[in-house]
Amino acid sequence: MHSKEWPLVLFTVLTQMAVGMFLVAEAVWRLGTRHYSHELVDTVATPPLILVVPLLIAGGLVATAHLTRPGRALWVITNLKSSWLSREMLFSVLFGLTISGYVFMRTFEVGSGTLQDGLAIGAILSGVTLIYGMSRLYMLRTVPAWNTAATPLVFFQTALLLGVLGVSATLAISGGCSSEADTQCTLIKDALGWTVPAATVLAGCQLAVIALFSTMHFNSSQHPWLLSLRLVLAILSMCLLLMFILDDNLPTNHCASPRSLLIAALVAAVLAEGLGRYLFYAQYQRLGL
Amino acid sequence: MASQESDNHELNTQTVALNPRWGFYVNVQSCVGCKACQVACKDKNNLGVGILWRKVVEVSGGEWIQNGPFWIDGSFSYFLSTACNHCERPICKEVCPTQAIRQRNDGIVLIDNTICVGCRYCEWACPYSAPRFDETAKVMTKCNLCYDLLDQGKRPACVSACQMRVLEYGDIGALRARYGDLDDIFPLPERKLTNPAVTFTPHIQVARTQSNRACIGNEEEI
Amino acid sequence: MLVAHIQNGKIVQLESDDRDYDEIDNPRLLACARGKAYLRRQYHPDRLKYPMRRVGKRGEGKFQRISWDEALETVAGEINRIKDKYGNGALFVPYGTGAYSNTNGSHLARRLFNLYGGHLGTYNSYSWACINRATPTVYGTKITGNQRQDWVNSRYILMWSWNPAEMIDGTNSAYYIKKARENGAKVICIDPRKTMSAIGLADEWIPIRPGTDTAMMSAMAHVMITENLYDRQFVSTHCVGFDSTQMPENLENTESYQDYILGTCDEVPKTPKWAEAITGVPANKIAQIAREYATIKPAMLYQGYGMQRRAYGEQAVRAGCVLAAITGNVGIPGGWASGLGLQTPDGGSLWAAFPLGTNPQPSIPVAAWDQAVLHGIEMEPENGVVGADRLDSNIKLIYAVATNCLINQHMNINRSAKILADEDLVEYLIVQDQFLTATGRFADILLPACTAFETYGLQDGWKYSDGVLLMPKLEEPLGESKSDYEICAGIAHRLGIGDAYTEGRDERDWIEHIIEIYRQKRFPDIPALDQFEASNIGAYTVSVSNPAIAFANFRKDPDGYPLNTPSGKIEIFSKELFAMDKPDEIPAIPKYIQEWESPFGPEATKYPLQAIGSHTLHRVHSTHDNNDWLDEAFPQRIYINPVDAAARDIQDGGLVKVFNARGTMVIPCRVTNRMMPGVVDIPSGAWWTPDENGIDRRGAVNVLTSERLTPLAFGNAQHTIMVQVEIADS
């Protein structure tokens, strides 16, 4: 598997980020619409939702390229009976379909609210199942380093961290902050008010995961430099988030330098997760021959 | 280059009368590691370099110990010829997303290379390194126990080639009854993972498993 | 034996002997990995397909296609030119075993030259020069072997430098040892390498420093003598020279074997402690092996040939024979007399039965061809010349058939390459082969030979021959290639001796004729060719259920059936050798002599590691080096012990530089417990592949070896070399 790690890193991290962004954007939308108009919430919550689709497509392309006989790709969902890879593929397709439909309806404002809600629920279920299935795929009884509860934990942690950071950064970028749009500013502030602390907590979780894996010492000792780099990036990401929270100017002016803080935190976290996933693959050590 | 294009057609033509459950036996004690089995397999199945359906693992362990001006040999070595063990619980079949891997009633696990997408997931899972990727055909391949020869009542190519007569095949129940049921000799994993249809006589110098820092001595050859 | 499956005129699979019968009197003849992988050679894209002449400098490897007519005309012309100018003694056919099937092989060229007035002949072989020469000094014959089926009667087997699992030594030899073990024999392997035989056939491996076998054997004799374990009765009735009571007339005061062992004359008793320091084998281990070998009866001390391709290889051969004699293991079932071990009663294989004619010219040791090129006219019997007091000419024309010996398998490749590159020395070099080998690169003309699948052939097995293999023609020769026979016949026609050469026969006719020779000499019931071919059995084998025992009559009645030695007995002391008057290098009793390159000599400071070139299953000498399936199975590596590797910061798999004053190679290494510390192994036969700096990149062990020959046999001593190993950057 050695030469094939990077495509798999890309596929899993991108897909998980997509699911995570969808879940968080959906939460922003649901919470926002309690206090603000649908139209206003749409202006801030739809851009991150739309981003989910290209992320998924990118991941899907990498995954297909990874198949050596892409022409036969349809066969891969025929062993649902026992293969988690089949199941993962099925959930990917389901998530892709539901999320695309949902994004389409939200963007072009078509379809009834019930249909949209239905699709959203479908996307939530298939997204969560997809991440679970993805983790089960690695839980082979012949690969003890992967066959632990840590695998699904890590995969969900990645999804939520990158999801919440992705949404936060998109909010900060997409939200215009002119004086005419005071309500939008407030909305974004409200949203960031919970997404950023959540991201900070999840970034803390990332550190915990690193610590956990270092003590589990599977093969991470083979790549001390990558491990250190990952640690630095994770800490950096968390520090940037803390700076954002602690910055006194934030409530009044979250639109200039704080924006770059969030983007930088996202980039650092994506890199850290990518490295983490690479190290995860590097732990591959099969029983037997 | 693997020539098993017709595996899927054979899946239905199973021998029902005798109902053997095929497996291998190796007398590791007297295996000299000559690889006649490995090469015979390549010849029979026309396998390119890098595709080893049967391979011979050189196990090595212990160490040389200094005793004054001399070095005393405290090492051990043995050869383990191994292929697909046509497991009772074939994990390759279990994880294959396409159902390209199937098992005949006589236990032979086959890859239908007209369906395989080459995802190599079985390669990750199999604890015997049995599935091998064919870079030319872009599909997985593996030992098919020469079912074409078995169906004609002949020996598999590797067994037929064994110069030391230490490699045998037969109904795994009969082989176990005759030679015992040792199937987890180092570096092979515990039986419970996949229930392999194989049994061994161990080498004189080694009991079981990983004692004395056993390791694989010819990683690049397998 | 190979069973070819043919589809549309091409061989698609090579099965082996598929008979059901597999008892030890006549077991299945199962091919090794090399035979099974033969199709990768047969259909290799690099096969030579048409004749070519050299266009660049000699050795550069640049050639241009020519027609067969031009090729044969040119070759015949050069043979005539050299013959006219220098005489027949300037023509030479080097040692070659790359093909061995009666109608393919170097003997085809020997017949050609013999019919044309002769050529500088050869004796010895690169394989077994010392054992071939030294065995008769003890036993008066080379036929010292019981039939192989008797091995299962042995209770104790010392595989001394013998590795039947890898060098095979006759199809099924390793299998017979396995059978002996199943019968209760204890098997010990004495070798610097933990060979495949040591792992799969032996109960115990005794690593021994190369070139010190005679020291260990002497110490074993010391234990047997001092503990009174030797067969006193047999020694007194069947041997001479054991102790002072057995010395020849007028030599009563000369050092006897016992004198040497006990240190009576040199004051050095050859104790296990003494041998321990030399051999690296612990004294108690030597004593244990001595006691076991002397007391477990019957026992075999089987001598392999690796230990005699060394500086004083003759000594180890004689010492082993002496141990077999003083333990009384000669002439009994389950015993073994040691020495060359050709099979009793008739010597076994005929090898090539194809008639060679007679050669009126003198002969030299095969491994002395380089001397005959450089200064043949100075060579005398002192240098190994047989049949003349002095050679008439240097070698001026070489007709190399089925051989990679000139460059690759001869000692000191860099030196050989210089010699052959000089067109004033060898004026014309014809190479006839299936591939452009390292030797072929030096050819003036390249003649493409077909493989054994492409013409008729017949071969007995190795020296333990209980049958013959028929090799029918299975497909047409590739491209324009021809059998060695057809090529030589073509040259013969142009020399005007065509009819004498062919006697009107084609390849198949010759095989028919040769089967008749086998019928007369060895196998009265062998079927005629038509019947042989029609039955499609491939091999004619005879069942041996009552194996013959060498020296059985001599044992029963030494006076009635004396040996062919001067004394008629087993000569522990040889008057013949004594008369040579070179006691330091050719002692009359077997003695341990420190080798000319040794870990105990001054050379060890610069080159501290001993290097051997084992026989690998990858190749038959250098044949199959370009076979990818075999390279995959047995990649070319230098094997080094972890202790020596750690001292040099060498990691398993890393590139290392191996060198001494004669040459340098850079190859990957394998760090393995299977080598003893202080010794490295570079399996022999890899094709010399020098880079622009002359550094070999493939691992041809002969860039390191020395051309110095052994004193008595004039044998090659290729395993006697010291080297240094370092990490290589690139």
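Per chain, numbering begins at 1; letters A, B, ... match sequence-line order.
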Interface moiety of C:Val281 toward chain B, non-hydrogen atoms closer than 4.5 Å: neither
Winner by heavy-atom pair count (cut-off under 4.5 Å) against chain B, out of C:Lys285, C:Met676, C:His5, C:Glu276: C:Glu276
Heavy atoms from other residues, nucleotides or ligands near NZ of C:Lys273 exceed 12 (cutoff 6.0 Å): no
Segment of B:Asp73 engaging chain C (4.5 angstrom heavy-atom cut-off): side chain
For chain C, the option from B:Trp64, B:Phe70, B:Phe79 that forms the most heavy-atom pairs under 4.5 Å: B:Trp64
Close contacts, residues 153-165 of chain B versus chain C, judged by heavy atoms under 4.5 Å: B:Arg155, B:Ser160, B:Ala161, B:Cys162, B:Gln163, B:Met164, B:Arg165
Region of C:Thr672 that comes under 4.5 Å of a non-hydrogen atom in chain B: side chain
4.5 Å side-chain heavy-atom contact, B:Ser77 and C:Asn673: no
Listed partners of C:Arg148 passing salt bridge (charged side-chain N to carboxylate O under 4.0 Å, His left out), at least two apart: none
Region of C:Leu14 that comes under 4.5 Å of a non-hydrogen atom in chain B: both
Atom pair CH2 (C:Trp629) and CG (B:Leu47), whose distance is rounded to the nearest 0.5 Å: 7.0 Å
Rounded distance [0.5 Å steps], CD in C:Glu632 versus CG in B:Leu52: 4.0 Å
Residues of residues 19-37 of chain C within contact distance of chain B, non-hydrogen under 4.5 Å: C:Arg19, C:Asp20, C:Asp22, C:Pro27, C:Arg28, C:Leu30, C:Ala31, C:Cys32, C:Ala33, C:Lys36, C:Ala37
C:Leu39 versus chain B, the contacting section by heavy-atom distance below 4.5 Å: side chain
Check ion pair C:Arg670-B:Glu221 (N to O, under 4.0 angstrom): yes
B:Gln152, CD atom: more than 12 neighbouring heavy atoms under 6.0 Å: yes
Neighbours of chain B found in residues 168-184 of chain C - heavy atoms under 4.5 Å: C:Ile168, C:Asn172, C:Ala174, C:Tyr175, C:Lys178, C:Arg181
Distance-minimising heavy-atom pair for B:Val32 and C:Gly200: CG1-CA, 3.9 Å
Most chain B-contacting option - heavy-atom pairs closer than 4.5 Å, from C:Ala165, C:Ser16, C:Ala633: C:Ala633
Chain C contact via B:Cys31 - side chain, backbone, both or neither, heavy atoms under 4.5 Å: backbone
Sub-4.5 Å side-chain heavy-atom contact between C:Arg40 and B:Lys42: no
C:Arg637 CZ to B:Asn218 CG distance, which is reported to the nearest 0.5 Å: 11.5 Å
Residue among B:Lys35, B:Lys55, B:Glu219 with most heavy-atom pairs under 4.5 Å to chain C: B:Lys35
C:Pro668 vs B:Glu220 side-chain heavy atoms within contact, under 4.5 Å: no
Interchain contact, B:Gln29 with chain C, by part (heavy-atom threshold 4.5 Å): both
Distance in Å, B:Cys34 SG paired with C:Met196 CE, rounded so as to fall on 0.5 Å steps: 7.5 Å
CD (B:Glu190) with more than 12 external heavy atoms under 6.0 Å: no
